[in-house]
Amino acid sequence: KDLLDVTQLSKDEVMHLLDTAEQFHEINSRPVKKVPTLKGKSVIMFFSEPSTRTKMSFDMAGKRLSADTFALGKSGSSLQKGESLKDTALTLQAMNPDIIVIRDSSSGAAQFLAERLPCSIINAGDGRHAHPTQAILDSFTLRAHWNNQFEGKELLILGDVAHSRVARSNVLMLNKLGVKVRLCAPRTLLPRGVDTWPAEVFTNLDQAIKGVDAVMCLRLQLERQQAGLLPDLSEYSNTHCLTRRRLEEAKPGALVMHPGPMNRG
């Protein structure tokens, strides 16, 4: 009933999701962007963490599929008064929604709700743990760019891997589809246990980018730099910024991606 992590999905299920998305994608270019697929369903967007892209994407998707969507943020909920996540969720469940889409700063928050509520829970990002819908979307983008071919392709994920739920979900998802994944970051921005991930790990960008079919850049989470993970930002920029010169080392026509938000400069 829930979508909590990409590990739940088989390769066939992922391809089914991508094929279904392909059929719905055409709706976005219609004069009237609406179909009755989810008519009568209610969807609550429960975002206790700031979001632009993900929250608006879910809201717009729900409306275009004719669902009734309701948005709830931390600043507008009783979480600010000290109410627990469980009690807030039970209050929402009393209104009998069909789906709750949750984004929360705590890893495991989506699983916590899924075990306690009968409605469907969709994980829109929980702490550093997972962001399954972002990984599905990235796979959709790559499939279009690669003409439905995943096998034998190589993709580099570059940046602050240690704090990135997007990186974790994409490594697992793309590996499932047959893509060889590389990771590149300073050693202090690689997570513990990264050597056990199904990915090749680099600290040198000039080596990591050679011959890849796509590069996915990650935001350097500046709020983490107070922890002393980097000597300074200019050094990081010199060694791990994707420049036009460095991109020339990738395959011709390599796709550059970024989940956003990005740090300009």
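What you see is a predicted model, and the numbers here were worked out from it, not measured in a lab.
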Just do the salt bridge (Lys or Arg N to Asp or Glu O under 4.0 Å) check on E151 and K11 with the steps written out, would you?
-> CA-CA 12 Å; E151 293 288 341; K11 181 178 178 180; 3.3 Å; yes

Does [Y] offer a backbone N or O that forms a donor-acceptor pair with the side chain of [X] under 3.5 Å?
X	Y	answer
D59	K55	no
E13	S10	yes
S169	V166	no
S51	F47	no
S237	C241	no
D126	G108	yes

Stepwise side-chain contact (heavy atoms from CB on, under 4.5 Å) test for L242 and V256 = CA-CA 9 Å; L242 181 63; V256 178; 3.8 Å; yes

Only one of T7, L9, D2 passes side-chain contact (heavy atoms from CB on, under 4.5 Å) with D5, and that residue is T7

Passing candidate, side-chain contact (heavy atoms from CB on, under 4.5 Å) with M257, options I157, T141, L218 | T141

Considering only heavy atoms from C-beta outward, does the side chain of [X] approach that of [Y] to under 4.5 Å?
X	Y	result
I121	F112	no
L65	V35	yes
N28	H25	yes
M216	H258	no
V215	L155	no
S139	L18	yes
P97	I100	yes
S57	T54	no

Could you verify whether a donor N or O on one side chain and an acceptor N or O on the other, from [X] and [Y], lie under 3.5 Å apart?
X	Y	result
H131	R103	yes
S164	R128	no
E49	S105	no
D19	H16	no
T69	K63	yes
D68	S42	no

Indicate if [X] and [Y] have the same hydrophobic cluster label, given that clusters are the connected sets of ILVMFWY residues with side-chain heavy-atom separations under 4.5 angstrom.
X	Y	value
L177	L255	yes
V212	L247	yes
V201	L158	no
F202	L174	no
I44	L90	yes

For [X] versus [Y], what's the shortest heavy-atom pair and its separation?
X	Y	answer
V161	C184	CG2-O, 4.5 Å
A130	N123	O-ND2, 3.7 Å
A135	V6	CB-CG1, 4.0 Å
A185	G159	CB-O, 3.0 Å
L4	Q111	CD1-OE1, 3.6 Å
L117	K1	O-NZ, 2.8 Å

Atom [atom1] of [X] with >12 non-hydrogen neighbours under 6.0 angstrom:
X	atom1	value
K41	NZ	no
K86	NZ	no
K33	NZ	yes

Could you give the distance from [atom1] ([X]) to [atom2] ([Y]), rounded to the nearest 0.5 Å?
X	Y	atom1	atom2	result
L220	H163	CG	NE2	9.5 Å
L113	L92	CG	CG	9.0 Å
L72	S48	CG	OG	9.0 Å
L156	R246	CG	CZ	11.5 Å
L233	N238	CG	CG	11.0 Å
K251	I209	NZ	CD1	13.0 Å

Can you check side-chain contact (heavy atoms from CB on, under 4.5 Å) on F140 and I136, steps first, answer last?
-> CA-CA 6 Å; F140 183 83; I136 296 167; 5.7 Å; no

Got a salt bridge between [X] and [Y], using NZ or NE/NH1/NH2 to carboxylate O under 4.0 Å?
X	Y	answer
R219	D160	no
R30	E26	yes
R143	E22	yes
K180	E200	no

Start with the C-alpha distance between I122 and I102, add both sets of side-chain angles, then the distance that settles side-chain contact (heavy atoms from CB on, under 4.5 Å), and finish with yes or no.
-> CA-CA 6 Å; I122 296 180; I102 181 170; over 6 Å; no

How far apart are the C-alpha atoms of F24 and R64, what are their side-chain angles, what is the distance that settles it, and do they pass the side-chain contact (heavy atoms from CB on, under 4.5 Å) test?
-> CA-CA 10 Å; F24 279 109; R64 288 185 178 177; over 6 Å; no

What is the ring orientation for F150 with W146, classed by angle as parallel under 30°, tilted 30 to 60°, or perpendicular over 60°?
-> perpendicular

